Amino acid sequence: MGFNQPIYSTRAHIFQIDPNTKKNWMPTSKHAVTVSYFYDSTRNVYRIISLDGSKAIINSTITPNMTFTKTSHKFGQWADSRANTVYGLGFSSEHHLAKFADKFSEYKEAARMAKEKSLEKMELASSPSQESPADIHSPLTPPVTADFCRINGTGDDVTLSDVSPNSMLQSDLSPTTPTLAHSPTTNKHWEAELATLKSNNAKLTAALLESTANVKQWKQQLAAYQEEAERLHKRVSELESQSSQTNVIKSQKTELNQTIEELECTLKAKEEEMVRLKEEVENAKQLQTQKDELTKKLEETDLRNKEFEEQLADLEQRLESSQVDQENLRKNLKTLLEILDGKIFELTELRDNLSKLIEDS
C-alpha cells in the first residue's frame, strides 16, 4: 500500500444497505468509529477506510462517478459499485456531515483529475514516438485511442476481443518482417510498442470491468428507484383516497374538541366542588370537635348542677329545720318573756309593798 497516515478523519456510525430489500439500513458498527480518507500514492487513488478493531468495515475507493448524498442533517450515503453496496454514515452533528461531504467532493475532483492525467499519459504512451529515427507511425494507435475514448465517455458497450493489441501487432508486422529483421532499432521500437499496447490493454480491461460494475450498480439503483417510485405512487393514491374523508375527519375532530372542552369544564367544576367539599368536611370536623368539647363541658356542668341541687336541698332542709328551731326558740323566749313580765310585776308589787312598809314604819 502507498498510504500510511490519514489525510482526514472523523467519527460516525456506519450502516450498509440491506442486500435483500435494498431499502433498510443495517448497522455495521455497534458504536461510533473512526472513518478516514487515505491517499494511495502507489495507485494514485483516494480511499475511505474504517476499522472496527481489526475488521475493515469500509474500504471504498473514490471514483469520479461517485456521489455523496446528504439524506438528513446528520446522515449521508454513497454507492460503491466495486463493493456492490451502499454505505451510510450517521454523524453527531451537521457540521461533521458537511465537513465529510466537502472532503468527499474535494477528493472526488482530485480522483477525476488524476484519472484524466492517467488517460493523457496512456494516450501519449500509445502514440508513435516523435523521436524515432525512422519516423514510423504505428497503425495500432488509432484503434486503441478510439476504444479508450469510448470507455472514458460512457463506460458501456466496450469489447476488447476485436481490437486485441497482440493480434493487430501480428497483422501489421507480418508484411514487413523481412525488412524489420535487418533493423535492430526498429525491432526495439516494435517491442516497446508491444509492451505499451499490453499495458494499455490491461488498463483498458480494468476500466472495462469498472465500467461494467458501474453499469450493474446503476441498474440496481435504477430498479431500487423504480420500486421506490411505485411505492410513492401507491402512497399518493392512498393519500388521495383519504383526502375525501378530510371534511368528515375535520368535523369529527371539531366535535371531539368541543366534547373535550365540555369535559374539561365539567372536570374543572367537579374539582372546584371537590375542593369546596373538602373545606366543608374540614369545617365539619372542627365543628364536631367543638361539639364534643361542649358536650363534655355540658356533662360536667350537669354533674356540678346535680351537686349544687343536692347541696341546695340540704341547705333548704337545714334552713327549714333552722326555721322550726327558731320558731320554737321564739315561742320559748315569748314564754320566758311572759314569765319574766309576771316576775317583774310581782317584784314591782313587792317593792311597792316594801316601800309602803318602810313609810309606815
Side-chain angles (χ1 to χ4, degrees), residues 1-118 155 206-207 209-225 227-228:
M1 290 290 181
F3 51 90
N4 293 318
Q5 299 297 327
I7 54 181
Y8 176 75
S9 296
T10 186
R11 292 185 66 82
H13 291 271
I14 300 177
F15 301 85
Q16 286 190 18
I17 202 73
D18 189 343
N20 297 323
T21 62
K22 298 295 183 181
K23 293 181 180 180
N24 302 324
W25 287 106
M26 299 171 55
T28 55
S29 63
K30 296 181 181 179
H31 49 79
V33 296
T34 301
V35 182
S36 302
Y37 286 98
F38 286 88
Y39 175 65
D40 187 350
S41 58
T42 304
R43 299 184 180 180
N44 195 24
V45 294
Y46 292 86
R47 298 179 186 275
I48 301 175
I49 296 176
S50 178
L51 301 177
D52 190 359
S54 59
K55 179 183 177 183
I57 53 180
I58 295 181
N59 186 3
S60 178
T61 301
I62 300 177
T63 60
N65 60 343
M66 282 186 178
T67 301
F68 185 81
T69 305
K70 299 177 184 178
T71 57
S72 70
H73 64 286
K74 291 185 180 180
F75 192 87
Q77 65 184 53
W78 79 94
D80 190 336
S81 59
R82 294 183 178 180
N84 193 22
T85 188
V86 180
Y87 292 105
L89 297 181
F91 295 88
S92 60
S93 67
E94 186 175 359
H95 171 72
H96 290 87
L97 172 61
K99 186 70 174 177
F100 187 89
D102 292 341
K103 292 294 182 181
F104 193 99
S105 300
E106 177 183 347
Y107 299 140
K108 171 184 172 181
E109 181 65 18
R112 184 187 66 79
M113 295 178 65
K115 184 174 181 180
E116 290 179 354
K117 290 181 179 179
S118 177
L209 293 176
E210 181 180 356
S211 299
T212 304
N214 290 339
V215 170
K216 183 179 179 181
Q217 178 66 23
W218 294 337
K219 288 182 180 179
Q220 291 176 352
Q221 290 182 352
L222 178 60
Y225 293 154
E227 185 176 354
E228 182 69 13

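Just so it is clear, the model here is predicted, and its values are computed rather than measured.
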Taking only residues two or more places apart in sequence or in another chain, which ones pass side chain to side chain donor-acceptor pair (under 3.5 Å) with S54?
none
List for me each residue that meets side chain to side chain donor-acceptor pair (under 3.5 Å) alongside W25, sequence neighbours excluded, and say none if there are none.
none
Does the side chain of I58 come within less than 4.5 Å of L89's, by heavy atoms?
yes
Check step by step if side chain to side chain contact (heavy atoms under 4.5 Å, CB included) holds for T67 and K108.
CA-CA 9 Å; T67 301; K108 171 184 172 181; 3.8 Å; yes
Decide side chain to side chain contact (heavy atoms under 4.5 Å, CB included) for V86 and Q16; before the verdict, give the C-alpha distance in whole Å, the side-chain angles of both, and the deciding distance to 0.1 Å.
CA-CA 6 Å; V86 180; Q16 286 190 18; over 6 Å; no
E94: salt bridge (charged side-chain N to carboxylate O under 4.0 Å, His left out) partners, not counting sequence neighbours:
none
Please report the interatomic distance OG(S72) to NZ(K70), rounded to the nearest 0.5 Å.
10.5 Å
In a check of ring-ring contact (aromatic ring centres under 6.0 Å, His included) between F68 and each of Y87, Y107, F104, which one passes?
F104
Set of salt bridge (charged side-chain N to carboxylate O under 4.0 Å, His left out) partners for K23, sequence neighbours left out:
E227
Can N59 and R47 be said to form a side chain to side chain contact (heavy atoms under 4.5 Å, CB included), step by step?
CA-CA 7 Å; N59 186 3; R47 298 179 186 275; 4.0 Å; yes
Going by the rule side chain to side chain contact (heavy atoms under 4.5 Å, CB included), which residues pair with T34 if we only count those two or more places apart in sequence or in a different chain?
S9, R11, S36
What residue pairs, at least two apart or across chains, pass salt bridge (charged side-chain N to carboxylate O under 4.0 Å, His left out) with a residue in residues 75-92?
R82-E210
Least distance between heavy atoms, S29 atom then I14 atom
OG-N, 3.2 Å
Between CG on residue D40 and CD1 on residue I62, distance to nearest 0.5 Å
12.0 Å
Evaluate W78 against T69 for side chain to side chain contact (heavy atoms under 4.5 Å, CB included), listing each step before the verdict.
CA-CA 6 Å; W78 79 94; T69 305; over 6 Å; no
Ring centers of Y37, F100 separated by less than 6.0 Å:
yes
Where P64 and K115 come nearest, the two heavy atoms and their spacing:
CG-CD, 4.1 Å
Using every non-hydrogen atom in the two residues, find where M26 and P19 come nearest and quote the distance to one decimal.
SD-CD, 3.8 Å
Rounded to the nearest 0.5 Å, what's the gap from NZ on K30 to CG on D52? Could you check?
8.5 Å
